[in-house]
Structure formats: C-alpha cells, structure tokens
K.L.:
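Next up is a structure, given as structure tokens.
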Amino acid sequence: MKAILFGGTGFIGQEICCYFLEKGMEVYAASRSSSKHVTFGTRITYQLHSLQELFENMRDDYLILNLAGESIHSGRWTEKRKHRILESRMQTTNAIVKAIAEVSNKPKLLMNASAIGYYGHSDEQTFQENDPPGEDFLADVSTRWEQASLPAQLHTRVVLLRLGVVLGKHGGALPRMVLPYRFGIGGRIGRGTQWVSWVHLHDVARICHYCWQNDAIAGPVNVTAPHPVTMNEFGKSIAHVAKRLHWIPLPEIALRIGLGEMSEIILEGQRVLPKKLLDSGYEFLYPSLDIALKDLLHK
Ligand code: NDP
C-alpha cells in the first residue's frame, strides 16, 4: 500500500510518514520544494497542474493525505495573509480533487485535514461531528477547505480530519506554551476559561492509520483527545508535570495588542469531543493531558 502526503514535510506530516513506514507502507512526502529535507518517507516534488500524472504513476493501491497549507501562526492576520491561509488550502485541495476525478487508478481514500476551528468558539458548548460550523475566520477557512474536498466522494472514500491542538515535542503549540514555565513566569493566559481540545501527535498518526483501516469511517472525524481542558487547567498541568510555578497571568489585552486578530487562537477555544472515534472503538494512547505531557516533557 502506498501513501502520498501533501504537506508531509511538516510537523504533523513527518510523524504520520514515520508511523505509516513502521506499518509497512510505502510513503511519499509530497512537497512544493525540491530542496526540502525529510527524515521519514521519500520526498517527491509536485506541481499542482501535474497531479494526475503523479497519481497515475502510483500504479498500485494508494491513499492520499492532504495537510498542505500556509501556517496560521506565521504572522499577524493581515487581509493579505488571511487570503494566503485560505487560498493555499483551496488551491491544493481543488487540484487534488480534480486529479482524482481524471485519473484512471483512483486512490482508495482521501484524508483531508481540517480543524476544530470549524465549530467557532464557545466557553459553554460542547461540539461533536454533526454540529454546524461557526462564523469566524477559522470556521470559514475550515468549512471551505472541507467543502473543496467533498466532490472526491464521487470517486473514493473521503475522511475530514478536524484536528485539535496537536501536541508534540518539536513543533506545534506546546513548545511555545511551555517556554514561560521554563523561565519561571508561567501562568493563566487570558481569562483561562477558554477550552483547549488537544491531541497527542502520536495519536494523530495512529488515528490516520485507523481511519485507513476502517472502511466504515467517512466524513468529518474530530481528532481530539476525549478529555479537553480549560486553558487554566492546561497551564496548571504543564506546571505540575514540569515541576514549575503557575502564577503570573498573561492578560488578554497584551495578546490582543501584540497579535491582533490572530490572538483568537490562544484567547478563544472550543470543547470538542471525538464522538465518531470513540463510538467506532478507537482507543487513545494518550487520553488525558497529564499522561500526554509526561510523555512529551520528560522523555
Ligand atoms: P506545518 O506548517 O508544519 O506543515 C504544513 C505543510 O504545508 C508544510 O510542510 C508545507 O509543505 C505545506 N505548505 C506550507 N505553505 C503552503 C502553501 N502556501 N501552499 C501549499 N502548501 C503549503 O503544519 P502542521 O503539520 O502543524 O499542520 C498540518 C495541517 O494541519 C495544516 O494545514 C494545519 O492548518 C492543520 N492543523 C494543524 C494543527 C496543529 O496543531 N498543528 C491544528 C489544526 C489543524 P511544503 O513546503 O513541503 O510544500
């Protein structure tokens, strides 16, 4: 079995490449760049107009995993950056879907990334897969990204991975969240009641493999651990596991001034449950935050 990962050179993509290789798959990390180094999988360079040829060359059974998109953390959300965040995802997904329609050897599965930002944000509500989308910028990006992938359903099984806050040692949000604690100045961020629906990076890779193996899974899948926590609880857990203090609050206003609209990623959240995964029998390796943090901060 072959797997092509668009955005396979990134933080999440490399972990999935590594896991799929361990499972005996032939793995291709598809990159826009011919110079990008990858540790796991074979890097292949792609151009959006020649994806049909790339898929045709797969010959055997293959699946496609699409994670590609401009980072939402890489700077203030100017109108220009917001456009790039959306368009980078739409263009890649549209090109993949078009190539799937045209190629004779169809993939067995398209897994397309999305995000729990789909649901918008709330301190009170709990979200499951069949809840409607929210109305802010990230909800709009996630909704349109998902909709772009859906025409591929005519040709193959499509899974929409609504990713939570992915926790890993060497990328994503966690190293930035831990840093103040290392310097002894960690504490509550904003009001602290905003939800953090997190998931361990290794569970993300296992879930992708699980979705591949379970034909019954299709459509949106919340990729979050079963026990989300508030931002204040998250900080306390870091302090507990790292044996540091949780004491100096970071006021909301400082983040709003420093980061502009992008501060929403930190100051707002949503409580999301992985209903589809739990109902189907998936067992999380890291169901609770303390277990995940002990693995990520100590090993
Ligand atoms: P990374 O930024 O580490 O990787 C994203 C990949 O996308 C890169 O390797 C890059 O591949 C490709 N890429 C970057 N810019 C563009 C662009 N303008 N056009 C096309 N491709 C581009 O992200 P993560 O691994 O952290 O996340 C993967 C996906 O999952 C992202 O789309 C992200 O929005 C989503 N997600 C991530 C979460 C997290 O907690 N990390 C949470 C929710 C969603 P190359 O340069 O080799 O082509």
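Just so it is clear, the values below take in all heavy atoms, side chains as well, and ignore hydrogens, waters and symmetry mates. Sequential numbering from 1 along the given sequence is applied to the chain's residues. Counting starts at 1 for both ligands and their atoms, following the listed order. None of these values were measured; they are calculated from a predicted model.
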K.L.:
Any salt bridge linking Lys276 with Asp279? Criterion: basic side-chain nitrogen under 4.0 Å from a carboxylate oxygen.
P.N.:
no
K.L.:
Note the single closest protein heavy atom to atom 26 (O) of ligand 1, along with its residue, its atom name and the distance in Å.
P.N.:
Phe11 CD2, 3.5 Å
K.L.:
Within a distance under 4.0 Å of any heavy atom of Ser114, pick out the atoms of ligand 1 and give their elements.
P.N.:
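Once the distances to Ser114 are compared, the set is 44 (C).
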K.L.:
Among protein heavy atoms, which lies nearest atom 25 (O) of ligand 1, and at what distance?
P.N.:
Ile12 N, 2.9 Å
K.L.:
Less than 4.0 angstrom from a charged side-chain N to a carboxylate O is my criterion; do Glu70 and Arg84 meet it?
P.N.:
yes
K.L.:
Does a sphere of radius 6.0 Å around NZ in Lys106 hold more than 12 heavy atoms from other residues, nucleotides or ligands, not counting ones at 6.0 Å or beyond?
P.N.:
yes
K.L.:
Looking at Ala115, which atoms of ligand 1 are within less than 4.0 Å of one of its heavy atoms?
P.N.:
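It comes down to these atoms of ligand 1: 43 (C), 44 (C).
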K.L.:
Distance to 0.1 Å, residue and atom name: give those for the protein heavy atom nearest to atom 32 (O) of ligand 1.
P.N.:
Leu67 O, 2.9 Å
K.L.:
Which of the atoms of ligand 1 are close to Ser88, meaning less than 4.0 Å from one of its heavy atoms?
P.N.:
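What qualifies from ligand 1 is 17 (C), 18 (N), 19 (N).
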K.L.:
Counting non-hydrogen protein atoms only, what is the nearest one to atom 6 (C) of ligand 1? Give residue, atom name and distance.
P.N.:
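Of every protein heavy atom, Gly7 CA, 3.7 Å lies nearest to atom 6 (C) of ligand 1.
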K.L.:
What protein heavy atom lies closest to atom 36 (N) of ligand 1? Include the residue and the distance to one decimal.
P.N.:
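For atom 36 (N) of ligand 1, the nearest protein heavy atom comes out as Leu163 CD1, 3.8 Å.
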K.L.:
I'd like to check which ligand 1 atoms, numbered from 1 as shown, lie under 4.0 Å from a non-hydrogen atom of Ser31.
P.N.:
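Matching atoms, with element in brackets: 45 (P), 47 (O), 48 (O).
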K.L.:
Quick one: nearest non-hydrogen protein atom to atom 2 (O) of ligand 1, plus distance?
P.N.:
Ser71 CB, 4.4 Å
K.L.:
Which atoms of ligand 1 are found less than 4.0 Å from any heavy atom of Arg89?
P.N.:
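Every atom of ligand 1 under 4.0 Å from some heavy atom of Arg89: 31 (C), 32 (O), 33 (C), 34 (O).
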K.L.:
List the atom pairs, donor and acceptor, that lie under 3.5 Å between side-chain atoms in residues 19-29 and the rest of the protein, sequence neighbours left out.
P.N.:
unit_1: Glu26; atom_1: OE2; unit_2: Tyr28; atom_2: OH; d: 2.5

K.L.:
Do the side chains of Glu15 and Arg206 get close enough for a salt bridge, i.e. N-O under 4.0 angstrom?
P.N.:
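A salt bridge is absent here (no side-chain N lies under 4.0 Å from a carboxylate O).
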K.L.:
Return a yes/no value: protein heavy atom under 4.0 Å from atom 23 (O) of ligand 1?
P.N.:
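Neighbour list for atom 23 (O) of ligand 1 is empty of protein heavy atoms (cut-off 4.0 Å).
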K.L.:
Examine the side chains of Ser33 and Ser35 and answer whether a donor and an acceptor come within less than 3.5 Å of each other.
P.N.:
yes
K.L.:
Tell me which one of Leu273, Val196, Val272 satisfies side chain to side chain contact (heavy atoms under 4.5 Å, CB included) with Pro228.
P.N.:
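One option only clears the test, and that one is Leu273.
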K.L.:
Are any of the N or O atoms of Ile72 closer than 3.5 Å to those of ligand 1?
P.N.:
no
K.L.:
Does the N or O separation between Ser33 and ligand 1 drop below 3.5 Å for any pair?
P.N.:
no
K.L.:
Nearest heavy atom to atom 20 (C) of ligand 1: which of Gln91, Arg32, Gln14, Met90 does it belong to?
P.N.:
Arg32
K.L.:
Determine, using ring centers only, whether Trp77 and Phe137 are less than 6.0 Å apart.
P.N.:
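Ring centres of Trp77 and Phe137 closer than 6.0 Å.
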K.L.:
For ligand 1, does Trp145 get within less than 4.0 Å through its side chain, its backbone, both, or neither, judged by non-hydrogen atoms?
P.N.:
side chain
K.L.:
Please determine if Arg244 forms a cation-pi arrangement with Tyr181, meaning its NZ or CZ atom is less than 6.0 Å from the six-membered ring centre and no more than 45° off the ring axis.
P.N.:
no
K.L.:
Any idea which protein heavy atom is nearest atom 40 (O) of ligand 1, and the distance to it?
P.N.:
Val166 N, 3.0 Å
K.L.:
Go through the steps to decide whether Ile265 and His73 satisfy the test side chain to side chain contact (heavy atoms under 4.5 Å, CB included), and finish with yes or no.
P.N.:
CA-CA 9 Å; Ile265 303 173; His73 302 279; 4.0 Å; yes
K.L.:
Report yes if Gly172 has an N/O atom closer than 3.5 Å to an N/O atom of ligand 1; otherwise report no.
P.N.:
no
K.L.:
Under 4.0 Å, counting heavy atoms only: does Ala29 come that close to any atom of ligand 1?
P.N.:
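Distance cut 4.0 Å: Ala29 fails for ligand 1.
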K.L.:
Under a 4.0 angstrom heavy-atom cut-off, which atoms of ligand 1 come close to Ala68?
P.N.:
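Here the atoms of ligand 1 in question are 7 (O), 21 (N).
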K.L.:
Compute the minimum heavy-atom distance from Trp198 to ligand 1 and say whether it is under 4.0 Å.
P.N.:
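Trp198 does not count as a contact of ligand 1 under the 4.0 Å cut-off.
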K.L.:
Does the pair Lys82/Glu261 count as a salt bridge with the N-to-O cut at 4.0 Å?
P.N.:
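Yes, charged N to carboxylate O under 4.0 Å.
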K.L.:
Any N or O on Lys36 sitting closer than 3.5 Å to an N or O of ligand 1?
P.N.:
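Such a contact does occur with ligand 1.
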K.L.:
May I ask whether Leu267 and Ile238 are part of the same hydrophobic cluster, defined by side-chain heavy atoms of I, L, V, M, F, W, Y residues being less than 4.5 angstrom apart, directly or through others?
P.N.:
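They do share one cluster, since a chain of ILVMFWY contacts under 4.5 Å joins Leu267 to Ile238.
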K.L.:
Do any nitrogen or oxygen atoms of Gly69 come within less than 3.5 Å of a nitrogen or oxygen of ligand 1?
P.N.:
yes
K.L.:
Any heavy atom of Gly164 closer to ligand 1 than 4.0 angstrom?
P.N.:
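Right, Gly164 reaches ligand 1.
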K.L.:
When you check the gap from the basic side-chain N to the acidic O, do Asp123 and Arg271 get nearer than 4.0 Å?
P.N.:
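Salt bridge absent between Asp123 and Arg271.
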K.L.:
Nearest to atom 9 (O) of ligand 1, what protein heavy atom do you find, and at what distance?
P.N.:
Thr9 OG1, 2.7 Å
K.L.:
Can you list everything that forms a side-chain contact (heavy atoms from CB on, under 4.5 Å) with Trp145? Sequence neighbours excluded, please.
P.N.:
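For Trp145 the side-chain contact (heavy atoms from CB on, under 4.5 Å) partners, ignoring immediate neighbours, are Asn66, Arg89, Thr93, Asn112, Ala113.
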K.L.:
Using distance alone, decide if ligand 1 has a nitrogen or oxygen within less than 3.5 Å of any nitrogen or oxygen in Gly10.
P.N.:
yes
K.L.:
So, applying side chain to side chain contact (heavy atoms under 4.5 Å, CB included) with Cys211, which one of Asn214, Asp215, Ile207 is it?
P.N.:
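So the option named by the test is Ile207.
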